[in-house]
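Written below as structure tokens is the structure these notes are about.
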Number of protein chains: 2
Amino acid sequence: MNMDQTDFQWVCDQAREAMLLQTVADLLEWDERTGMPIGGGDYRAQQVSHLRGKVHRLRTSEKYGETLLRLSESLPQGHDLASDAPATIRGLTRHWNRDHRLPDDLVERTARATVKGQQAWDAARKADDFSMFRDALAEVLVLKREAGERIAEGTDRSVYEALLDEYEPDARVHHLNRVFAELRTPLVRLIDQIRGASQQPNRELLERDYPVDIQRRLSRFVAEQVGFDFQRGRLDETSHPFCTTLGPSDCRILSRYDANWLPGGLLGTLHEAGHGMYEQGLRSDWFGLPPGSYCSLGIHESQSRLWENQVGRSRAFWQWLFEHTKEMFGSTLADVSLDDFHFAINQVQPSLIRVEADEATYNLHIIIRFDLEQQLIDGSLSVDDLPEAWNARYQSDLGICPPSAADGVLQDVHWSAGLIGYFPTYTLGNLASAQLYDAVKDQIEGLEEGFSEGHFQPLLAWLRSKVHERGQCESGNQIVENATGKPLCAESLIGYLQNKLGNLYGLKSPG
Amino acid sequence: MNMDQTDFQWVCDQAREAMLLQTVADLLEWDERTGMPIGGGDYRAQQVSHLRGKVHRLRTSEKYGETLLRLSESLPQGHDLASDAPATIRGLTRHWNRDHRLPDDLVERTARATVKGQQAWDAARKADDFSMFRDALAEVLVLKREAGERIAEGTDRSVYEALLDEYEPDARVHHLNRVFAELRTPLVRLIDQIRGASQQPNRELLERDYPVDIQRRLSRFVAEQVGFDFQRGRLDETSHPFCTTLGPSDCRILSRYDANWLPGGLLGTLHEAGHGMYEQGLRSDWFGLPPGSYCSLGIHESQSRLWENQVGRSRAFWQWLFEHTKEMFGSTLADVSLDDFHFAINQVQPSLIRVEADEATYNLHIIIRFDLEQQLIDGSLSVDDLPEAWNARYQSDLGICPPSAADGVLQDVHWSAGLIGYFPTYTLGNLASAQLYDAVKDQIEGLEEGFSEGHFQPLLAWLRSKVHERGQCESGNQIVENATGKPLCAESLIGYLQNKLGNLYGLKSPG
């Protein structure tokens, strides 16, 4: 490879400086969501937007773009593209190619519209009145459509794909449609069977009194045991859990606890720990550059869902943890068997709210959003017709109709915040987690027996080498294919759900 | 005043931007000291030094200096200098005049030497071996001397005064010497009398079991009651308490609790709340500019010491709080009377460690440091002779000789961190707190009766108008003189200590 080392060093330095300022802004937002005094909001917004502006300017400067293009032209064709330097140039060029197409003015208008949008959404949801959100959403859609058009220009991507690409590089709608269609029919059939099953779990035992301070200790213990490194991270609480990375050795996960709903805090913590272990497994010497950055949101979500679901809702995991959990909560769980507990945390029940959905119905929530947001962007669905379309889909896909906008079309913050094209990454994550888990079970003998004795290191080590350490040197599809031997498809997730839920609910094998 | 409004607006914008970045760096340091994962240290240092470098460049740019000088020349002579615009120009020019005299190279070398210095100090203190700190201290002194020489050049200030000026603008050594001398003789006599007094307090009752979570609640309650605004601030814990301001409505105070020493956490919290209420009382519309910035470290310390000592060690305060405190700690204080408790928290006892010293002996610790650091800077005392000089002064001034360097010359971090000229501001604060308190007692009838009923608002309102809202529109001396009718002197502090301690220890009136 005939690459100018000075140019390469320079763009790396620029990208690292941008990341340094971005992580500072991320700390400001972490702080805002973990206990900043309420009065600090206005000045905090100034601090964050000042830093985000600096980051955008660093990443879109003319010299930066020219240098990247020069470096790109010097890249060899075809082979060796997965090694660090080419991956760096390719990744940075990809970002620059998006960022520099968005004029400062559009970026600023979008920032303002999404702040306004989130405020309007919040008020509308509280008032249960979609009309209060209508105009703000329409404005966000106009701006996102413009951004998508600018990014798609001169490419073979659709406007929606251009937006999707920010979260899931190179994802294509036709591919997602195919995989989601593969998933939908068996899922709907499985959910129907479950609805009619004679065996049903006892949800009540998860709704007993679970003191928050005990949940907190248990969650920290579990995060530590599965491998989240508290020397390089911390666990805090917030109203909307998330994971954020503030440096190569400073990853912060956040959870929340409900004293009458045990799985929320515990499996939520496992979910965030999965995100966190991915971040902690990235190569820190490449921090701020593509080889040391997460691959895509779908891959990120595959890590969180794998630890939350394939591990955290497995019988083996609870063979290890159940007695300890019983002890910690005193008499609360004294009358409960491992089997009943395991069945209860795997309950399937069509419900209105995505974030509270079980493993099976969750993806139906996503598919609805994926379909509707495409229509909103291509103009085939108007904002005014959205609530009705939403309800119709819930009726047809989940068999329930939201009684209110607050529990229906207004439940998620994403669209108000301009996150269009974000939803499908959740289901991509679910698909990938199941497919990766099938592969690791094949490749590591006694994996689940290990869980029942508290050994999670073999799984984590496998994920480190197959996923985490790859950074952006491979695409999401390549990571899945290299780790599992086949492209991402719905087979593993369907098989996993049919198998686990079929056993629990005593269903006949599907056919 | 014939001032160019465009110039004025421009320098204000620059100064506000510098403050915006400085507060971001301050948040990074707050976070570092309140729970950042240990692994985050290296990257955090990069983030902080990057931001501090940007702040220094903003504050020393050529255009910034030229514009300030042009504005300074347009200032009227003599009158109206306390109003906002002239105070802004004067204050910013003052800072620029210091900052731009320090070449980037010297700033960087000093930053490195003080990081190294603190590490060497920490190691030397742990090993109780001054020789391990000797070279690092010598290097810091060389660099600080160079800085002082550059700042003093062309002025009538000494090198030491040039350093002192960073913390206490326009302070003069001859003035400090005079006030400190006024203070020393009566203090030494008072301490001697106390040593020989037949009435002595019972320290043991403060060393009982005081569970930290109860101390925490009590401290928060007290901070809230005296007027620290938790809508615009928060209270956390750290190993070395401090107060930091991260925005016009985001002031954070930090405390620490020792389960066997009640006054440490409680009065420490009151101390930091005093700092915090000063910051919260600054005019937020001038945040980042001299009219909305604290006047000097001496004035800052006057606010913390006033709430800690004049209020927090007063009988009236404990008339209000004692029953509540007894209730909170259950049986621990059941056998203790208000009088015995009040006597115990006012115990005077010469001791080795400044930060643990009582109100009377505290200032003797400061005077020793003030004298020695002047000699270190002017070269009349060598680093090698410092330990012996230190011990000699403790023997002569406090009547005790440190048995080790760790409890002697190595006890404070300041010199290793390059904070030369910082110590005297502590005693200036003590002097000012007593003098301000004398004045407010004269001016507000029933002030202390109010304390005994939990009314602190009259005191806070007076401090707001006489001190906080003045920002840097008046110098420290002017604030004291305008509020109390006379220049800063030792009379109030001496009278306050003789009166309170004389009564408690049953001393004959002095004279």
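Below, all heavy atoms of this structure are taken into account, side chains as well, without hydrogens, waters or symmetry copies. Proteins get letters first, then strands, A, B, ... in listed order; numbering begins at 1 in each.
Across B/Leu246 and A/Gln47, no two heavy atoms sit closer than the pair O-NE2, 3.3 Å. Contact detail for B/Thr34 and A/Arg234: the closest heavy-atom pair is O-NH1, 4.0 Å. When all heavy atoms of B/Asp250 and A/Gly40 are compared, the pair lying nearest together is CB-CA, 4.2 Å. When all heavy atoms are compared, the tightest approach of B/Gly39 to A/Ser249 is O-CB, 3.2 Å. In terms of heavy-atom proximity, A/Pro37 sits nearest to B/Arg232 at CB-C, 3.8 Å.
Proximity to chain B (any heavy atom under 4.5 Å) is restricted, for A/Phe230, to the backbone atoms N, CA, C and O. For chain B, no part of A/Thr245 is nearby; none of its heavy atoms comes within less than 4.5 Å. Heavy atoms of A/Thr23 lying under 4.5 Å from chain B belong to its backbone as well as its side chain. Within the 4.5 angstrom heavy-atom criterion, only side-chain atoms of B/Glu17, from C-beta onward, approach chain A.
Of the listed residues (A/Asp31, A/Leu21, A/Asp236, A/Leu28), the greatest number of heavy-atom pairs within a distance under 4.5 Å of chain B belongs to A/Asp31.
The 12-atom threshold is exceeded at CG of A/Asp13, counting heavy atoms of other residues, nucleotides or ligands nearer than 6.0 Å. The number of heavy-atom neighbours closer than 6.0 Å to NZ of B/Lys116, taken from other residues, nucleotides and ligands shown, is 12 or below. Other residues, nucleotides and ligands contribute over 12 non-hydrogen atoms within 6.0 Å of the CG atom of B/Asp258. For A/Glu224, the CD atom is densely surrounded, since the number of other residues' heavy atoms within 6.0 Å is greater than 12.
Note that CZ of B/Arg16 and CD of A/Gln46 are 8.5 Å apart. Values are rounded to the nearest 0.5 Å.
A/Met36 is listed as a side-chain neighbour of B/Arg252, based on a closest heavy-atom distance under 4.5 Å. In this structure, A/Leu27 and B/Arg44 have side chains that are in contact, with non-hydrogen atoms separated by less than 4.5 Å. Contact of the A/Leu20 side chain with the B/Tyr43 side chain is registered, since non-hydrogen atoms from C-beta on lie closer than 4.5 Å. The side-chain heavy atoms of B/Val24 and A/Leu51, taken from C-beta on, include a pair separated by under 4.5 Å.
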